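The structure appears right after this line, and notes come after that.
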Amino acid sequence: MQTRPPLPVPSDAAGFYASRRGEQVISLLMSRLLPLLPDPKGLRVLGLGYAAPVLSQWGALGMAHWVASAQLDTPMTRRRGIVPPSAKEWPSCLVAPDSLPFDDLSIDLVVLMHGLEIVDPHPLLRMIWKVLSDHGRLILVVPNRTGLAAKDDTLPFGHGSPFSTGQLDRVLQRALFRAESGSTALSAPLGLLSLDERAGFMGDRLFSMLGRRLGGVHLVTACKDLYSGMPVEAERAALNFTRRVTSLAGSAGGYPNLPEGPKSRPRNPKA
């Protein structure tokens with residue numbers, strides 16, 4: 001029986017998405033992600049982690065006010081990939097997970113892929129919260145702990161620490177983000193792509209109907225939760241009974257007829 005050679009493990013995200021299989025995976029991912037993406041007209045958009053494949057497949061992105069791509073400084077995401085001739089090339093830079101070189105409130109939309117599962121998510125989300133405008137949005141592409149993609153180390157999603165649905169919700173809540181909508185992608189076994197791309201798309205659509213738990217990756221839209229950290233003034237308790245004020249036992253008010261003390265005699269100036 002003839003066996004297929006094992007698929008090579010990607011050295012980094014740039015190498016994977018430059019391969020034929022990487023093109024198939026990003027096409028399958030974008031078919032589920034595009035309905036979640038907002039109208040980019042006039043927006044300042046940042047692709048973070050390794051989101052260049054998403055930016056290159058987003059046709060309407062040319063109407064954005066400003067677009068940039070920032071790779072996180074990790075072995076999986078640090079190298080910049082080759083931009084296809086048909087795709088528009090955006091400005092790109094290499095950033096640390098806990099220090100983004102952008103002004104506060106300067107970004108309207110952040111697309112984060114290959115980020116949360118590779119680095120400590122809390123400093124990264126805190127930096128994203130700072131650079132996002134008050135009405136900004138965060139689009140997350142995160143491997144699902146219970147899905148098939150997180151168990152396949154021939155995918156970039158198979159590296160790092162994936163998140164379950166509850167874990168991702170708690171991480172976002174701790175970072176003062178509120179999830180607005182969610183979906184899944186890469187739910188079906190990716191071996192279907194080797195048979196036929198149409199079979200891969202149909203299988204992914206069918207498997208996604210089984211629920212978010214079986215999704216290969218989480219697709220989440222989140223916004224800044226501006227009011228979760230604001231203190232609420234405590235209401236004063238209403239007393240349903242009248243209070244009776246009495247004098248203290250040792251106070252002068254408790255003894256209205258106290259005898260006067262001995263009067264001091266005038267001093268004799270001649271003494």
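Just so you know, these numbers come straight off a predicted model, no measurement behind them.
Applying the ring-ring contact (aromatic ring centres under 6.0 Å, His included) criterion to F102, with sequence neighbours excluded, gives no partner residue. In this structure R126 satisfies the side chain to side chain contact (heavy atoms under 4.5 Å, CB included) test together with W129, L176, sequence neighbours excluded.
No more than 12 heavy atoms of other residues, nucleotides or ligands sit less than 6.0 Å from atom NE2 of H65. The number of heavy-atom neighbours closer than 6.0 Å to CZ of R174, taken from other residues, nucleotides and ligands shown, is 12 or below.
Of all the heavy atoms in A52 and S69, the pair that sits closest is CB-OG, 4.2 Å. Here the shortest heavy-atom pairing between T77 and G49 reads CB-O, 3.5 Å. Between H159 and L155 the shortest heavy-atom distance is CD2-O, 3.1 Å. Taking both residues in full, the closest heavy atoms of L36 and I139 are given as O-CD1, 4.1 Å, listed atom of the first, atom of the second, then distance. E180 and C223 get closest at one heavy-atom pair: OE2-SG, 3.4 Å. Considering all non-hydrogen atoms of both residues, V171 and P121 come closest at CG1-CB, 4.1 Å.
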Stepwise side chain to side chain contact (heavy atoms under 4.5 Å, CB included) test for D169 and V220: CA-CA 10 Å; D169 292 341; V220 177; 5.9 Å; no
Test T74 against V119 for side chain to side chain contact (heavy atoms under 4.5 Å, CB included), laying out the working first. CA-CA 8 Å; T74 71; V119 301; 3.6 Å; yes
Derivation of the side chain to side chain contact (heavy atoms under 4.5 Å, CB included) call for V217 and L219: CA-CA 6 Å; V217 296; L219 306 178; 4.2 Å; yes
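With rounding to the nearest 0.5 angstrom, the CG atom of L29 is 13.5 Å from the CD atom of Q24. To the nearest 0.5 angstrom, K130 atom NZ is 13.5 Å from I107 atom CD1. With rounding to the nearest 0.5 angstrom, the OG atom of S161 is 8.5 Å from the CD atom of E117. Atom-to-atom distance recorded for L116:CG and L48:CG is 9.0 Å, nearest 0.5 angstrom. How far CG of L109 is from CG of L43: 6.5 Å, rounded to the nearest 0.5 Å. The NZ atom of K224 lies 7.0 Å from the OG atom of S133; values are rounded to the nearest 0.5 Å.
Under a 3.5 Å cut-off, the side chain of D12 and the backbone N or O of G15 do form a donor-acceptor pair. Checked by atom type and distance alone, the side chain of S99 never pairs as donor or acceptor with a backbone atom of A96 at under 3.5 Å. The main-chain N or O of S164 is found under 3.5 Å from a side-chain atom of Q167 such that the two form a donor-acceptor pair. Side-chain N or O atoms of N144 include one that pairs as donor or acceptor with a backbone N or O of G215 at under 3.5 Å. With hydrogens and angles disregarded, a donor-acceptor distance shorter than 3.5 Å links the side chain of R32 to the backbone of T184.
Contact of the L112 side chain with the V142 side chain is not registered, since no non-hydrogen atoms from C-beta on lie closer than 4.5 Å. Taking 4.5 Å as the limit, every side-chain heavy atom of V111 sits out of range of all side-chain heavy atoms of L140. In this structure the side chain of F157 reaches within 4.5 angstrom of the side chain of M113, judged on heavy atoms. Side-chain contact between M76 and Y50: absent, with no pair of heavy atoms (C-beta onward) separated by less than 4.5 Å. With a 4.5 Å cut-off on side-chain heavy atoms, L132 and L105 do not count as touching. The shortest side-chain heavy-atom distance between L94 and L72 does not fall under the 4.5 Å cut-off. With a 4.5 Å cut-off on side-chain heavy atoms, W58 and P40 count as touching. Side chains of I128 and F177 form a contact here, defined as non-hydrogen atoms less than 4.5 Å apart.
Residues L37 and M63 do not share a hydrophobic cluster, clusters being chains of Ile/Leu/Val/Met/Phe/Trp/Tyr side chains in contact below 4.5 Å. A continuous path of hydrophobic side-chain contacts links L100 to W66 [ILVMFWY only; heavy atoms under 4.5 Å].
Applying the salt bridge (Lys or Arg N to Asp or Glu O under 4.0 Å) definition to pairs two or more places apart or across chains, none involves residues 51-62. For the ring-ring contact (aromatic ring centres under 6.0 Å, His included) condition, no pair includes a residue of residues 19-44, sequence neighbours left out. Legend: salt bridge (Lys or Arg N to Asp or Glu O under 4.0 Å) pairs involving residues 39-59, not counting sequence neighbours, sorted by first then second residue: R44-D108. Every pair passing salt bridge (Lys or Arg N to Asp or Glu O under 4.0 Å) that includes a residue from residues 141-160 is listed here, sequence neighbours excluded: R21-D152.
The distance between the ring centers of H114 and Y17 falls below 6.0 angstrom.
Side chains of Q57 and S27: a donor-acceptor N/O pair is absent below 3.5 angstrom, by distance only.
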